[in-house]
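Inspection log for the structure reproduced underneath, given as structure tokens.
Along the sequence shown, residues carry numbers from 1. We count ligands from 1, going down the list as the structure has it; atoms in each ligand are counted the same way.
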Amino acid sequence: MLEQLKQEVLEANLALPRYDLVTFTWGNASGFDEESKLMVIKPSGVSYDELTAEKMVVVDLNGHTIEGELRPSSDTPTHLELYRRFTGIAGIVHTHSPWATSWSQAGLELPVFGTTHADYFNGAVPCTRPMTTAEISGDYELETGNVIAETFETKQLSPLEVPAVFVHGHAPFTWGASPADAVYHAVVLEETAKMGSRTRALQPSASGISSALLDKHFSRKHGSHAYYGQAGKEESR
Ligand SMILES: O=C(CO)[C@@H](O)[C@H](O)COP(=O)(O)O
């Protein structure tokens with residue numbers, strides 16, 4: 001079942017080490033099928049060079065495995081909560097990419113320091129609040145999804161316009177209209193986090209570009225970025 005989505009999710013997972021976003025088995029990518037309300041996600045603990053479409057795991061919104069021999073990613077509850085809470089997304093990526101993870105560990109939001117950021121994210125990339133002891137000792141992955149959604153609701157941010165978040169003390173999640181879109185945003189986030197780290201080192205008082213410049217760039221670029229299609233070749237919408 002969902003053979004096409006399994007292939008897309010496989011390609012998205014294989015792109016994570018290709019773009020140096022993960023080490024060992026860290027991170028994961030998933031895709032969501034709106035019609036069947038089923039998610040395809042990477043199996044837990046499997047090396048990226050061993051992944052195949054057949055090893056992908058299909059789960060329903062309650063987290064029940066519908067198809068697949070292997071255990072779904074340990075982050076399955078987080079992915080499912082985001083598909084439930086963020087309308088219109090169909091791909092999610094979680095990495096431990098070094099620069100974005102550094103902002104997550106610092107508990108800082110990433111300001112819009114420049115137009116590279118503004119081309120893809122319509123505002124600062126937020127960081128979630130620290131989770132409570134009860135949340136950590138409860139269903140940690142489910143609560144991670146909840147605190148991400150709570151962050152966007154509290155800040156009145158559109159997940160479609162800022163498709164990225166730093167989870168406090170953990171690492172980033174990104175999402176998009178497809179698994180490939182979510183990977184694209186993960187690459188952009190890592191690059192803008194690197195630039196942001198260096199900007200702040202050069203000028204600690206740097207506060208970011210004007211809202212006029214942000215609006216100019218985001219409105220011109222949003223939704224038109226290239227993403228890779230079959231066989232990894234660059235395509236543009
Ligand atoms: O964030 C974490 C662990 O801190 C996880 O994302 C692992 O990095 C990958 O777990 P699996 O997807 O292999 O279960």
Quick check, are the ring centers of Y120 and Y184 under 6.0 angstrom apart? yes
Mind checking whether H170 has a heavy atom under 4.0 Å from ligand 1? yes
Atom 4 (O) of ligand 1: nearest protein contact (heavy atom, Å): H96 CE1, 3.6 Å
What is the nearest protein non-hydrogen atom to atom 6 (O) of ligand 1, stated with its residue, atom name and distance? D75 OD2, 2.4 Å
re atom 12 (O) of ligand 1, the protein heavy-atom contact at minimum distance is S73 OG, 2.7 Å
Suppose we measure from atom 13 (O) of ligand 1 to each protein heavy atom; which comes out shortest, and what is that distance? G45 N, 2.8 Å
Whether E69 and K55 form a salt bridge (side-chain N of Lys/Arg under 4.0 Å from carboxylate O of Asp/Glu) is what I want to check. no
Less than 4.0 angstrom from a charged side-chain N to a carboxylate O is my criterion; do E11 and K6 meet it? no
So, S30 versus Y83: side-chain donor-acceptor pair below 3.5 Å or not? yes
Using 4.0 Å as the upper bound for N to carboxylate O, is an ion pair formed by E190 and K194? no
Consider every N or O of P72 and every N or O of ligand 1, then say whether any pair is closer than 3.5 Å. no
Report yes or no: do W99 and T192 form a side-chain donor-acceptor pair below 3.5 Å? no
For ligand 1, which atoms sit closer than 4.0 Å to a heavy atom of W26? 8 (O)
Does an N or O anywhere in G27 fall below 3.5 Å from an N or O of ligand 1? yes
Is it the case that ligand 1 has an N or O less than 3.5 angstrom from some N or O of N28? yes
Those atoms of ligand 1 less than 4.0 Å from some heavy atom in T25: 9 (C), 13 (O)
So the atoms of ligand 1 within less than 4.0 Å of a heavy atom of S74 turn out to be 10 (O), 11 (P), 12 (O), 14 (O)
Can you confirm if the aromatic rings of H96 and H170 lie within a centre distance of less than 6.0 Å? yes
Parallel, tilted or perpendicular: which one describes the rings of F152 and W175, with boundaries at 30° and 60°? perpendicular
